[in-house]
Protein chains: 2
Amino acid sequence: MGTQPKHTMLAAQRNPRRNLAEELISRGVRMTHQRRILVDLIQRADRHLDVLTLWRRARSRDSTLNKVTVYRTLSLLKKHGLVDELDLMHLEGEKHFYEARTTRDHLHLACLKCGAIMEFESSLFEKLKGQIERERRFSIQVVRMEAGGICAACRG
Amino acid sequence: MGTQPKHTMLAAQRNPRRNLAEELISRGVRMTHQRRILVDLIQRADRHLDVLTLWRRARSRDSTLNKVTVYRTLSLLKKHGLVDELDLMHLEGEKHFYEARTTRDHLHLACLKCGAIMEFESSLFEKLKGQIERERRFSIQVVRMEAGGICAACRG
DNA sequence: ATTCTTATTGCAAGTGAGTTGCAACATGGA
DNA sequence: TCCATGTTGCAACTCACTTGCAATAAGAAT
Ligand SMILES: [Mn+2]
Ligand SMILES: [Mn+2]
Ligand SMILES: [Zn+2]
Ligand SMILES: [Zn+2]
């Protein structure tokens with residue numbers, strides 16, 4: 001099981017939201033040194049980050065930054081709907097992955113053979129969400145769709 | 001946060017697959033006393049079961065049945081594609097929920113206010129899966145879609 | 001600039017889901 | 001009935017994540 005291809009740009013880069021730090025400040029959240037580092041790393045991330053990776057990257061900017069602060073910052077961002085939490089089919093254990101929320105939702109494909117993670121946007125996805133909201137009168141705040149299977153490269 | 005309504009029948013009851021025990025036997029899996037109990041409970045379940053609930057129910061039939069066996073049986077069923085693993089938006093901590101896989105996929109709606117879990121089937125969901133398989137040449141083995149939000153009852 | 005309130009941090013300890021090694025045991029085919 | 005091999009229970013473990021608390025820092029008020 002390898003890793004995802006380097007050349008595909010994350011949806012969070014193509015469809016970015018407003019600056020995360022500004023977004024937090026405008027909501028009256030205290031902008032600490034630690035949060036500034038973490039939020040910046042999340043926003044610029046080249047891939048879906050787990051807590052340990054995010055912590056390691058953060059420590060290279062402030063070696064005293066504690067892992068607990070990473071968890072607490074991610075909770076904060078989740079609570080404000082600014083990051084999405086992913087399972088990526090729990091391909092690498094029980095941990096979770098995080099990405100800045102984009103202007104348009106997308107879903108994730110995880111190859112069970114090589115471990116590649118792909119993103120997919122579709123108007124059918126948007127239509128499906130609309131159908132749920134209408135037919136069930138359910139107000140969607142967060143959606144998570146993931147598919148596990150075999151990618152094109154692994155099928156040959 | 002309450003619990004899901006009693007009157008909605010689980011998709012696993014409406015669209016059941018072949019008997020889980022028979023399915024395992026036909027695949028050359030040893031049918032132990034413990035597996036028979038667990039598989040029967042999963043098949044007849046009135047709601048999405050977490051490990052602890054499944055274990056408690058199993059112990060009322062065999063008080064020596066160990067929790068590790070529950071985990072190992074669920075892994076086995078997952079490996080054979082006979083159960084689906086759900087997060088239900090991790091509304092109650094990090095644990096997972098399980099249900100027998102049905103003939104037709106469905107998605108889950110989790111009310112962030114009252115904790116109700118609803119199921120939803122849609123041809124748009126099927127179309128979306130088809131689009132992924134075609135456009136990405138990705139062979140889907142398992143899909144998981146969950147939405148968190150506010151249910152009709154909580155919206156009033 | 002200085003003070004002050006209060007949210008946030010780091011640390012250490014704890015929780016809880018899920019895993020693993022191994023000896024005893026049960027399954028199902030010979 | 002016997003036997004080879006897969007499965008179980010137990011205890012100990014790992015790992016992701018949480019919590020209590022004293023020290024600290026943000027940022028609003030002065
Ligand atoms: Mn999960
Ligand atoms: Mn993504
Ligand atoms: Zn692959
Ligand atoms: Zn509700």
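Below, chains carry the letters A, B, ... as their sequence lines are ordered, and counting in each starts from 1.
- Each salt bridge (charged side-chain N to carboxylate O under 4.0 Å, His left out) pair with one or both residues in residues 54-63 of chain B, not counting sequence neighbours, appears once here: B:Asp40-B:Arg61, B:Asp46-B:Arg57.
- There is no side-chain donor-acceptor pair under 3.5 Å between A:Glu121 and A:His106.
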Inset, instruction - Summarise protein proximity over nucleotides 17-22 of chain C in one line of letters, 5' to 3': B for base, S for sugar-phosphate only, - for none, counting protein heavy atoms closer than 4.0 Å. - result: SBBBB-
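- Contact annotation: A:Asn66 reaches the phosphate of C:dC11 (side-chain N/O to OP1 or OP2, under 4.0 Å).
- Atom pair A:Asp62:CG and C:dT8:P shows a separation of 17 Å (rounding to whole Å applied).
- If you take CG of B:Leu65 and C1' of C:dC25, they are 14 Å apart, rounded to a whole angstrom.
- The side-chain tip of B:Lys129 points at the ring of B:Phe125 from less than 6.0 angstrom away and within 45° of straight on.
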Using a 3.5 Å cut-off and no angle test, enumerate the donor-acceptor pairs between side-chain atoms of residues 149-156 of chain B and protein atoms at least two apart in sequence or in another chain.
| residue | atom | partner | partner atom | Å |
| --- | --- | --- | --- | --- |
| B:Arg155 | NE | A:Arg137 | O | 3.2 |
| B:Arg155 | NH2 | A:Arg137 | O | 3.1 |

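- Spacing between atom CG of B:Asp50 and atom P of C:dG16 amounts to 13 Å, rounded to whole angstrom units.
- Taking atom CD of residue B:Glu92 and atom C1' of nucleotide D:dT18, one finds them 17 Å apart after rounding to whole Å.
- Annotation: side chain to side chain contact (heavy atoms under 4.5 Å, CB included) contacts of A:Gln34 (sequence neighbours excluded): A:Thr32, A:Leu65, A:Thr69.
- The salt bridge (Lys or Arg N to Asp or Glu O under 4.0 Å) search around B:Asp87 returns A:Arg144, B:Arg144, not counting sequence neighbours.
- B:His33 is linked by a ring pair (Phe, Tyr, Trp, His ring centres under 6.0 Å) to nothing, counting only residues two or more places apart in sequence or in another chain.
- The CZ atom of B:Arg27 sits 17 Å away from the P atom of C:dG28 (whole-angstrom rounding).
- Rounded to 10 degrees, the angle separating the terminal helix axes of the helix from C:dA1-D:dT30 to C:dA30-D:dT1, each built from five base pairs, is 40°.
- B:Leu24 has its CG atom 14 Å from the C1' atom of D:dG6, to the nearest Å.
- Applying the side chain to side chain contact (heavy atoms under 4.5 Å, CB included) test to B:Ser123 and every residue at least two apart in sequence or in another chain returns B:Arg104, B:Lys127.
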Detail all sub-3.5 Å separations between protein N/O atoms and N/O atoms belonging to nucleotides 23-30 of chain D.
| residue | atom | partner | partner atom | Å |
| --- | --- | --- | --- | --- |
| D:dA26 | N3 | A:Arg30 | NH1 | 3.2 |
| D:dG27 | OP1 | A:Met31 | N | 2.8 |

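- For the side chain to side chain contact (heavy atoms under 4.5 Å, CB included) test, residues two or more places apart in sequence or in another chain that qualify with B:Ala21 are B:Asn19, B:Met31, B:Val39.
- Looking at residues two or more places apart in sequence or on another chain, you find a ring pair (Phe, Tyr, Trp, His ring centres under 6.0 Å) between A:His96 and A:His90, B:His90.
- Applying the side chain to side chain contact (heavy atoms under 4.5 Å, CB included) test to B:Arg72 and every residue at least two apart in sequence or in another chain returns B:Val68.
- Atom CG in A:Leu74 sits roughly 15 Å away from atom C1' in C:dT8 (whole-Å rounding).
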